[in-house]
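To start, the structure itself, in structure tokens.
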Amino acid sequence: MAKKLQSIRGIHDGLPTEVAKWRNIEDVARKVFASHAISEVRLPILEPKSLFVRSVGEETDIVSKEMYAFEDQGGDHICLRPEGTAGAVRAYLQAGLTRAGAQRWFYMGPMFRRERPQKGRLRQFQQIGVEYFAVNGPVADVEMLRMAQQFLDELGIQQTRLEINTLGCSACRPAYRETLMTYLKERAESLCATCNDRIETNPMRVLDCKNKTCQAQLLDAPEVVAHVCDDCDAHFSGLKSGLDALAVDYTVNPRIVRGLDYYNRTAFEFVTDQLGAQGTVLAGGRYDGLVESLGGPATSAVGFAAGMERLAMLLPDVPEPRLDVVVAALGDESLPYSLRVADALRQQGLIVIHAGGGTAKRQFKIADRENSRFVLVIGEDEVAKGGVMLKHLKTGKQDFYRLDDAVQILLARDV
RNA sequence: GUGGACGUAGCUCAAUUGGUAGAGCCCCGGCUUGUGAUGCCGGUGGUUGUGGGUUCAAGUCCCAUCGUCCACCCCA
């Protein structure tokens, strides 16, 4: 091999084994989402860079250091989308749907973040996301969470737990932020450098600092839950009682903080401890202010995204559909007839491989390797008699049949 | 972006203190003519991730680079 040609760091190929799992996940998602009347959208992978600067937030890691952003040949500043919500809001506004009532959307596709790769953390990864627009009140949050839980359940992913929190809103967060900043400034010298930087830029992020000495200082730190306004409090209560009504288990984790600026009120995460450090498998929350901040009317919104590759890592391999029959042609004279037979079998809906002729041994080995149920042998005798030899590989039983009869045996799929 | 582990055949891995690169699996073929899965025999396949350096001699030591993995960080 000359100079090795390989994919870009952190960008992996979807080979058959992996894609089979993805398709399984997609099928379950489509089925579950359909029962909530959610419609699929397919949105651009390239977006204007400014979209994410204005929505996700200029100070966030995603925007400030992880975006694949560049100028195109015309001098436009564009980027590969790092997440799906901003583009969905952009499309919602661009299509003029703000007076069209509730919109319930889902999407699946690749996202791009230039991070240091790890297991469960790729530079190109796939998300399945759901966004609701113009849907008010905690009932939407409750039903969305139940749906997310059902999605994970139907996939067979058991070992996750749901953590929820409230982040307040534009009415109450500024006051809380002040309270928190005051508290943090009093202890600034005991906090790590990163935390000190964040006191001014994003004090809520200090709360989930992993540093032990920081955490020790933050034991009695003021928590959002206790400082939200009456409306937010009512929303959070509605969320909790709704989850109780549906028997959805959850724990309130006052330290959940979203890394994207647009979230308010409800924030949630389904986490697992089976993926090492990348334990969040599905997460989201409310973002009631985003539509307005991107130029639309005040519009409530809530959504989540799940990481396809992370879900796939929690699932066993999906067995490939089993081959019904391998057509083995013996001798060049029988090739034309064998090709017609293979074609006819496929038209009956059977899964067929033509072994390509050659020795009987070679073709039987192919059938064996492909895990075929039957081998259909066509040689001089079969062509002469106008039939086929059909052998069941597991039992070794073999008989001569007219083609129609062989088709019936194959279609029965009972052996 | 920071710190660490690792990179040998298609795959999983060996190779004493530097001394001629090996095994298993897979693949291809043979063990009488049109019959597989077990067995026996044989074969293909490597400039040891890449590029430099030290040495009589480098898979082994040193430097750089690329990649994978782990932790930090971040998040799906």
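The analysis underlying the following values was restricted to heavy atoms, covering all of them including side chains, and did not include hydrogens, waters or symmetry mates. First the proteins, then the strands, lettered A, B, ... as listed; each starts at 1.
- A:Glu223 meets the side-chain contact (heavy atoms from CB on, under 4.5 Å) test with A:Pro254, A:Arg255; sequence neighbours excluded.
- A straight line from CZ of A:Arg116 to C1' of B:rU2 spans 7 Å, rounded to a whole angstrom.
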Using residues 335-349 of chain A as the side-chain source, report each donor-acceptor pair under 3.5 Å to any protein atom, sequence neighbours left out, with the distance given to one decimal.
residue, atom, partner, partner atom, Å
A:Ser338, OG, A:Ser334, O, 3.4
A:Ser338, OG, A:Leu335, O, 2.6
A:Ser338, OG, A:His354, NE2, 2.8
A:Asp343, OD2, A:Gln347, NE2, 3.2
A:Arg346, NE, A:Val352, O, 3.2
A:Arg346, NH2, A:Val352, O, 2.9

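- Judged as a ring-ring contact (aromatic ring centres under 6.0 Å, His included), the pairs with a partner in residues 159-204 of chain A (not counting sequence neighbours) are, in order, A:Tyr176-A:His227.
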**Complete:** Annotated structure of RNA chain B as dot-bracket, pair cut-off 3.5 Å, Watson-Crick or G-U only, | for inter-strand, is (((((((..((((.....[..)))).(((((.......))))).....(((((..]....))))))))))))....
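- No side-chain N or O of A:Tyr401 forms a donor-acceptor pair with one of A:Gln408 less than 3.5 Å apart.
- Between A:Arg9 atom CZ and B:rU50 atom P the separation is 19 Å, expressed in whole Å.
- Place A:Phe125 and A:Arg114 on RNA chain B by their nearest nucleotides, and A:Arg114 ends up nearer the 5' end.
- With sequence neighbours excluded, the residues forming a side-chain contact (heavy atoms from CB on, under 4.5 Å) with A:Ala301 are A:Phe133, A:Tyr287, listed by chain and number.
- Residue contacts for A:Arg362: at a heavy-atom cut-off of 4.0 Å it reaches the sugar-phosphate backbone alone, with no base atom in range.
- Judged as a side chain to side chain donor-acceptor pair (under 3.5 Å), and not counting sequence neighbours, the contacts of A:Gln94 are A:Arg90.
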**Fill in**
Going 5' to 3' through nucleotides 30-45 of chain B and flagging B where a protein heavy-atom sits under 4.0 Å of the base, S where only the sugar-phosphate is that close, and - otherwise, we get -B--BBBB--------
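- Listed by chain and number, the residues in a side chain to side chain donor-acceptor pair (under 3.5 Å) with A:Arg322 amount to none (sequence neighbours excluded).
- The residue A:Arg369 sits close only to the backbone: its heavy atoms come under 4.0 Å of sugar-phosphate atoms, none of a base.
- Atom CE in A:Met111 sits about 13 Å away from atom C1' in B:rC75, given to the nearest Å.
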Enumerate, atom names and distances included, each donor-acceptor pair closer than 3.5 Å involving a side-chain atom of residues 23-30 of chain A, sequence neighbours excluded.
residue, atom, partner, partner atom, Å
A:Arg30, NE, A:Glu40, OE1, 3.4
A:Arg30, NH2, A:Glu40, OE1, 2.8
A:Arg30, NH2, A:Glu40, OE2, 3.1

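- Note on A:Arg198: only backbone sugar-phosphate atoms sit closer than 4.0 angstrom, heavy atoms only; bases stay farther off.
- Heavy atoms of A:Leu122 sit under 4.0 angstrom from at least one base atom.
- Non-hydrogen atoms lying under 4.0 Å from RNA chain B are contributed by A:Gly276, A:Ala277, A:Gln278, A:Thr280, all within residues 272-280 of chain A.
- Under the rule for a salt bridge (charged side-chain N to carboxylate O under 4.0 Å, His left out), A:Lys361 has no partner lying at least two apart in sequence or in another chain.
- One C1' atom belongs to B:rC61, the other to B:rU54, and the distance between them is 8 Å to the nearest Å.
- With A:Arg286 as reference, A:Asp141 is the one residue of A:Asn264, A:Thr266, A:Asp141, A:Thr166 to meet the side chain to side chain donor-acceptor pair (under 3.5 Å) rule.
- Within residues 308-315 of chain A, the residues having any heavy atom closer than 4.0 Å to RNA chain B are, in order of number, A:Arg310.
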